[in-house]
J.: 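Take a look at the following structure, please.
We number each residue from 1, following the sequence as shown. Just follow the structure's listing: the first ligand is 1, and inside any ligand the first atom is 1.
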Amino acid sequence: MLANCPAWPRPDLGGGLGSCMDTNQAMPGLQMLMLVALVQVLCVVPAAALTDFPSKFLVGEVNGQVVVTCDSAQEQVSWKQNEHQEIMAEHHIAGRTLTLEGLDQPATGNYTCWHGPRLLDSTYVVVSDPDYPLLQGAPGSAVTCRAESYGGELSCSWTALRPAAFRARLSRSPDGAPGAWLYVGGGSALQGPDQPQTFTATLADGTFCPFAEEPRPLELVLEGISAESFVNITHRLFLRDIVRPGPPQDVTAQSKGGLLHLSWAPPASWSSPHSYFLLRYQLEYEHWDGTKGSLQLEGVTEMSIEGDVRWVQIRCQDPLVNSTWSPWTTWQNV
Ligand SMILES: *[C@@H]1O[C@H](CO)[C@@H](O)[C@H](O)[C@H]1NC(C)=O
Ligand SMILES: *[C@@H]1O[C@H](CO)[C@@H](O)[C@H](O)[C@H]1NC(C)=O
Ligand SMILES: *[C@@H]1O[C@H](CO)[C@@H](O)[C@H](O)[C@H]1NC(C)=O
């Protein structure tokens, strides 16, 4: 067991299971969104493709203003937008600041400040327009996460409705130091402007103790930038609510004297020791005469079944939290 990681009597966990995922949320009319995306391509000056999540960015609203500051010791600087001298927005320059006003889509882009030929600084400005949502689904359900164990690693997915760059990180609320940003997406020449794309990121909470009670939720922060929008989602979740074991492994089946002897092992990704992280197994089998049977077992990894069994499959769940069942193993021929 890990240092500073006191064992906690798992069977006492009860109640208080917050809900963190609504995977079946209704989606906005996709066709409508695609139509909007198409129209937008036809009438908006294309912004410079966002190849990476910008290290420095500002988010403005339609008709709003932003003040871009050139981080430099130079008193007088010149500005470019997407490599062009001409700035596609109402603006004024005072010393090291560039104020953009009456923001509109053409104002989006990479603003660079220069001293003669020397690049001093760059800031990506995005004009966030609520008419062009970036993520599929409502903010509360746009991100779904799964964990295959209590090891602190989770896999989160979301779907972008337009080309975008993302970054995500985990922390343990309220006082946990946030982990490092994980950068996802961007530079996707493959994604057409009207083609939703699903991203998956694997994030780990290094401080997580698999043996401890989980009194505070994990906090996932996801930020995304496209040419038309910025999203910033904070998603709180408990591992116990999103855990779903992988399928059992090493299934063996041997027929002997009218008995089928089966054995299997917990999924490789499941938390150990297995005597502490007990699993519940469900077996389904079919006899040669077509009759079927099923049974449920806890904590054991072998079993004998009477009769001429033809096929068998097994899946598992964490009985302590009634987790989602694992996928089935493939049907095993006997
Ligand atoms: C903006 O342009 C500068 C200079 O070409 C470049 O170094 C920087 O990576 C660009 N930023 C973005 C977000 O594309
Ligand atoms: C995103 O939201 C978090 C939490 O509300 C906030 O602390 C952070 O500053 C926001 N990031 C940006 C870039 O607005
Ligand atoms: C799990 O499900 C069983 C049977 O449906 C129920 O008796 C038990 O209370 C549930 N346990 C939890 C932790 O929800």
J.: Short check: is a protein heavy atom less than 4.0 Å from atom 5 (O) of ligand 2?
T.: no
J.: Below 30° counts as parallel, above 60° as perpendicular, anything between as tilted: where do the rings of Trp311 and Trp331 land?
T.: tilted
J.: Centres of the Phe199 and Phe166 rings: under 6.0 Å?
T.: yes
J.: Considering heavy atoms of the protein only, find what lies nearest to atom 2 (O) of ligand 2 and give residue, atom and distance to 0.1 Å.
T.: Asn232 ND2, 2.3 Å
J.: Pairs of nitrogen or oxygen atoms closer than 3.5 Å, one from Thr112 and one from ligand 1: do any exist?
T.: no
J.: Is it the case that the side chain of Glu61 and the backbone of Ser128 share a donor-acceptor pair, with hydrogens and angles ignored and the cut-off at 3.5 Å?
T.: no
J.: Who's closest to atom 14 (O) of ligand 3 heavy-atom-wise, of Val321, Asn322, Asp318?
T.: Asn322
J.: Out of curiosity, Leu134 CG to Arg162 CZ, how far, rounded to the nearest 0.5 Å?
T.: 7.0 Å
J.: Which of the atoms of ligand 2 are close to Phe57, meaning less than 4.0 Å from one of its heavy atoms?
T.: 13 (C)
J.: Would you compute the distance between atom CG of Asp121 and atom SG of Cys113 and round it to the nearest 0.5 angstrom?
T.: 4.5 Å
J.: Using a strict cut-off of 4.0 Å, indicate which atoms of ligand 3 neighbour a heavy atom of Leu320.
T.: 13 (C)
J.: Which atoms of ligand 1 have any heavy atom of Pro54 under 4.0 Å away?
T.: 13 (C)
J.: Kindly identify the option in Asn110, Asp121, Leu119 whose heavy atom sits closest to atom 12 (C) of ligand 1.
T.: Asn110
J.: Taking 4.0 angstrom as the limit and counting only heavy atoms of Glu83, give me the atoms of ligand 1 inside it, by number and element.
T.: 5 (O)
J.: Would you verify that at least one protein heavy atom lies under 4.0 Å from atom 9 (O) of ligand 2, or report that none does?
T.: no
J.: Could you go through the side-chain contact (heavy atoms from CB on, under 4.5 Å) check for His91 and Thr99 one step at a time?
T.: CA-CA 5 Å; His91 64 278; Thr99 304; over 6 Å; no
J.: Taking side-chain hydrogen bond (donor to acceptor under 3.5 Å, both in side chains) as the criterion, tell me which of Ser269, Ser326, Ser155 meets it with Glu148.
T.: Ser269
